[in-house]
Amino acid sequence: MPTRTSREQAPRFLVRPIIQKLQGYVPGEQPRISGLVKLNTNENPYGPSPTVIRALQAAINGRLRLYPNPTAERLRQKLAVYHHCAPENIIVGNGSDELLALATRAFVEPLSGLTHYALQAGAHAGLGQSIKRKKSAVVGLDGALAPSRYAVQYLNPGYSLYPVLAAIHGAWPKSIPLRKDFGLPSRETLRKSGWDLDAALTYITTPNAPSGRGYTSLELEQICARHRGVIVLDEAYVDFGPEHALGLALKYPNVIVSRTFSKAYSLCALRVGYFVGHPDLIDALQKIRDSYNVNGLGQVAAEAALDSLPYYRKNFQRIMASREHLSQQLRRSDFEVLPSQTNFIFVRPPRFPAAVWLEKLREQKVLVRWFSSKELHQFLRISIGSETEVETLIKAVRAILRNTEA
Ligand SMILES: Cc1ncc(COP(=O)(O)O)c(C=O)c1O
């Protein structure tokens, strides 16, 4: 029986301390404001293909009461044909987010509570960075396993979910800086920054988010070829660039490529993503996922998307053309626009701070994304909308500049 005192405690004390302290992932806003031009979460401005819509409509029938296929078997078979590999190389997830989280649970050893608190206490005392970088601190505290077994390593800036996944799992987060221009650091610089070839799990966002910068598969291979821990190449935006690195997942047994149907295939709402990698790694993830992790309509839609690739390829071309047009127009208005291989651009606006631009654009009913961190706060991330939305944004920018002329 709980004592009177423990029952009177605030319920939050019933939550594990590491979760109490956790800063959860902050997704972009999803407001429902009529007339709002929503360019903040990198959704595709064009809908799914007519084939997908028809397949979904046909699937809304008596079978909704039944569980979906537990392993997304047909979708995996189709993906295997598409990627010239075996279905055993593929796991499908409830969005790629689910798979990124499963990877932490399958490959990374959580720190014991004691070590975790010691690292946190170090952080409080201002020792965080030095302690976090010191393998010996982790070995000394946790003892039994090599420190790399606890490490979730990622290049920063990258997808801001990675550190949250590490924190949820109670892993050792290792943030390694990209170059100032968001390029991949040389091997030598990586080594000096503490890059761990044995880190249990390493995430690389490629093309990079939020900068949009693309990396060649040659550059990525230079990192993967020498690596010994698991590397996930997160290719969420790969369809909007000239190159992909899927071959690396089939060449190196420790490399996984992550893909999603959310962005390029306009299926954010249905939550379908997948990993391609060595069957041993894929099998480990299959063991720990929920039994029916991918909903039935999502499976139907993703299969139909693979049957309508010409439709989607046209959309990719259209989005890339709009991206170049928007970049050019913003450069004319004195924005610094970074080269992008994604369906968004990363820009440093002129005249006043990016956070002020965020609000001024919002007043004009255009929503973009701003990140407050020290590396990113001078920039705005703008998703590429439809041609009409892009023109609305350009007009809004010009109006703001006109209205604030000295
Ligand atoms: C780099 C990156 N990876 C993965 C995801 C997650 O995609 P999904 O919708 O498949 O969960 C996102 C979503 O914003 C992303 O930006």
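Everything numeric in this text was worked out from a predicted model, so none of it was measured. Both ligands and their constituent atoms are indexed starting at 1 by order of listing.
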Heavy atom of the protein closest to [atom] (residue, atom name, distance):
| atom | value |
| --- | --- |
| atom 16 (O) of ligand 1 | Tyr237 OH, 2.7 Å |
| atom 7 (O) of ligand 1 | Ser96 OG, 3.2 Å |
| atom 4 (C) of ligand 1 | Tyr159 CE2, 3.4 Å |
| atom 14 (O) of ligand 1 | Lys263 NZ, 2.8 Å |
| atom 6 (C) of ligand 1 | Asp97 OD1, 3.1 Å |

Under 4.0 Å from any heavy atom of [X], which atoms of ligand 1 are there?
| X | result |
| --- | --- |
| Thr205 | 1 (C) |
| Gly95 | 10 (O), 11 (O) |
| Ser262 | 8 (P), 9 (O), 10 (O) |

Return a yes/no value for Arg271: is any of its N or O atoms, backbone included, closer than 3.5 angstrom to an N or O of ligand 1? yes
Does [X] reach ligand 1, in the sense of a heavy atom lying below 4.0 Å from it?
| X | answer |
| --- | --- |
| Glu98 | no |
| Asp234 | yes |
| Phe261 | no |

Side-chain donor-acceptor pair under 3.5 Å between [X] and [Y], yes or no?
| X | Y | answer |
| --- | --- | --- |
| Lys263 | Thr260 | no |
| Glu88 | Gln286 | no |
| Tyr159 | Asp234 | no |
| Ser373 | Glu375 | yes |

Describe, in one word, how the ring planes of Phe240 and Phe316 are oriented to each other, choosing from parallel (under 30°), tilted (30 to 60°) and perpendicular (over 60°).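 Ring orientation of Phe240 relative to Phe316: perpendicular.
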Could you check whether the rings of Tyr154 and Tyr162 sit parallel, tilted or perpendicular, using 30° and 60° as the cut-offs?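 Geometry flag for Tyr162 against Tyr154: tilted rings.
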Verify, without hydrogens or angle tests, whether Thr342 (side chain) and Phe344 (backbone) share a donor-acceptor contact under 3.5 angstrom.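 Yes.
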Between Arg149, His227, Arg228, which is the residue that forms a side chain to side chain donor-acceptor pair (under 3.5 Å) with Asp198? Arg228
